[in-house]
Amino acid sequence: MKRIMSKVYLCTAIPYVNGHPHIGHAMDYLLADTYARYRRGCGDEVRLQVGTDEHGNKVFRKAQDLGLTVEEFARENSDRFRHFVEKLNVQYTDFIRTTDPEHVKRCQEIWQRLEPHIYAAEYDGWYCEGCERFVTQKEYDENGGLCPDHQKPYEKLAEKNYYLRIQDFKDQIRAKIESGEMEILPVFRREEALRLLEDAPDISISRSRKQLSWGVEVPGDPEQVMYVWIDALSNYITVLGYPDEDIAAWWPATAQFIGKDILRFHAITWPAILLGLGLPLPKRLVTHGYVLADGQKMSKSIGNVVDPVAVLDKHGLEAFRYFFLRHIDTFADSDFSWEKFEDAYNNELANDLGNLVQRLATLCRKNQISGRPGFAIELAAEYQELMEKFEFTKAFDYVWKLVHAANRTIDAEKPWELAKKGETERLEEVLGGLVEQLLTIADLLAPFLPKTAEKIQEIFAKEQILPPGKPLFPKEAKK
RNA sequence: CGCGGGAUAGAGCAGUCUGGUAGCUCGUUUGGCUCAUAACCAAAAGGUCGUUGGUUCAAAUCCAACUCCCGCAACCA
């Protein structure tokens, strides 16, 4: 059956550049990249956006602390994320920075188009003179009304802000979530979003320039600067060229990948902006959970933050991708621990798969079995279904069944005995079948572990099969 | 009574919608094999399915109440 090639647009949340890449960022990227590779493998044309969110006071202040210009600091951190994405072998097509002049210009145009839904009102809240900023009620309560940095009580202060009238869109958003026009995955997040929507207030979308200088100026009001929402969220379409270019070929996005913490903004604020612009909503919001460290949320104060670069360095990229795509649940919170990571590497990658490649390649070489250049399969329906539902851990389980089956076949057929007995025909049949099995495994693995899939293909799609010079997944010498 | 998620073998999970002898992976023990990265294959041990009550011939699964963990609640991945 021939599929009609389609265009697929995938978006990842753009991280705020006041910090370094976190393991949670890797989840966005890996999920999106895996799906992107899967769809490319199906013959679709895929565009994958990544980028960085760079405005705001936190970045501004951090730059000052470090004695850098804010531009330098933002660029440095943006580059850090870009390198991280590349280190993860994510095939992105677009990298957007919210400080890109094009983006700034476009998001001002977006603001203007939204003006029928924008109104000015007094914002009043708790303000710290020393910090020169408002704090949330929550922060106020936590600190007992006293700024911890300046030991001064917060004062009640009011200033003009622009607000986006979320109320204009609530009914439409609810209808689109309920009808599945914008599908929110997993289902329990959809329920959560509908609940959040019920009492979603209008949101403040600007600050006075005194409050917030590092940001996009509000068109027609130089005293006001855009607060994060319109600036950051609109990146998903400004990167496509909106409103200068026609984006209908790519928008609505096939899927947007986000962490559960930003569900609210992507399920309410972002749809409101899109509806205000007369644009369709993304087809799916894929909401992943958190990566926990030994059962706890990673946090700087607890000091249990796992550095993704350290994990990458331990056993390499493929092991990293393997663990986070197979053992970190796509939707629920899951645990990372070094022990689990090591176990998965040794037992599954090295023993099950790596060793299988090794033993089969050796058997083939010894018995002069040739590879299968150009061998191609149709992806099994079960696998395709899982991939389409972003059930990546389950898709992996499916692949691993084939890995086990291959190991079982070798043990049951005992090719070495067939060779001894001179049963050449049977031998060729068995090993040939296994070679095809391995190439099938490589195809299924390709979206997850592109380099591993490639290596397997290099070995078994060649006329002459040779065992890899180095094991695919070397284990440390055990004593 | 803010909202949501969870509680199933030593660990991590599936099964719950559509009741019917409790399943997977890792770990443990034993056996087999020797092509292979001391890898692979097979078998076994191990669970009153959070608690209590109800419905039913039958409940991990449906209903009710309760207990305990975790997350979210204006940018903290």
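Every value quoted in this text rests on a predicted model; they were computed, and no experiment measured them. Just so we're on the same page: letters track the sequence lines, and every chain starts at 1.
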Atom [atom1] of [X] to atom [atom2] of [N]: distance rounded to whole Å?
X       : N      : atom1 : atom2 : answer
Y290(A) : G4(B)  : OH    : C1'   : 14 Å
Y345(A) : U25(B) : OH    : P     : 22 Å
D329(A) : G71(B) : CG    : P     : 17 Å
F188(A) : G5(B)  : CZ    : P     : 8 Å
W338(A) : G12(B) : CH2   : P     : 20 Å
L263(A) : A73(B) : CG    : C1'   : 12 Å
I328(A) : C13(B) : CD1   : C1'   : 13 Å
H288(A) : C72(B) : NE2   : P     : 14 Å

Distance below 4.0 Å between [X] side-chain N/O and [N] OP1 or OP2:
X       : N      : result
K366(A) : A36(B) : yes
H327(A) : C13(B) : no
K340(A) : G12(B) : no
N18(A)  : C76(B) : no

Taking any heavy-atom pair under 4.0 Å as a contact, classify [X]: base, sugar-phosphate, or nothing.
X       : value
P471(A) : base
H20(A)  : nothing
L472(A) : base
K414(A) : nothing
G354(A) : base
V357(A) : nothing

How about [X] and [Y]: are their ring centres within less than 6.0 Å of each other?
X       : Y       : result
F320(A) : H315(A) : no
F396(A) : Y322(A) : yes
F257(A) : F390(A) : yes

- prompt: Of D202(A) and T362(A), whose closest RNA chain B nucleotide lies nearer the 5' terminus?
  reply: T362(A)
field: Any N/O donor-acceptor pair, R195(A) side-chain to C3(B) base, under 3.5 Å
entry: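 Absent.
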Nearest-nucleotide pick for [X], side chain only, options being [options]:
X       : options                : result
Q358(A) : A74(B), C26(B), U37(B) : U37(B)
R408(A) : A77(B), C41(B), A36(B) : C41(B)
E348(A) : U25(B), G71(B), A77(B) : U25(B)
I410(A) : C35(B), A39(B), A73(B) : C35(B)
N355(A) : C26(B), C35(B), A39(B) : A39(B)
D261(A) : U34(B), A74(B), C76(B) : C76(B)
F473(A) : U37(B), G71(B), G5(B)  : U37(B)
W416(A) : C41(B), C35(B), A73(B) : C35(B)

field: Residues Y162(A), Y119(A); criterion ring pair (Phe, Tyr, Trp, His ring centres under 6.0 Å); working and verdict
entry: CA-CA 6 Å; Y162(A) 288 104; Y119(A) 62 93; 9.1 Å; no
message: Angle between ring planes, Y398(A) versus Y383(A), binned at 30° and 60°: parallel, tilted or perpendicular?
response: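 Ring orientation, 0 to 90° scale: tilted.
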message: With a 4.0 Å cut-off on N to O distance, would you call E192(A) and K260(A) a salt bridge?
response: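 No salt bridge links E192(A) with K260(A).
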- prompt: Under the criterion side chain to side chain contact (heavy atoms under 4.5 Å, CB included), which of L233(A), I268(A), I166(A) is the partner of I273(A)?
  reply: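 The option that passes is L233(A).
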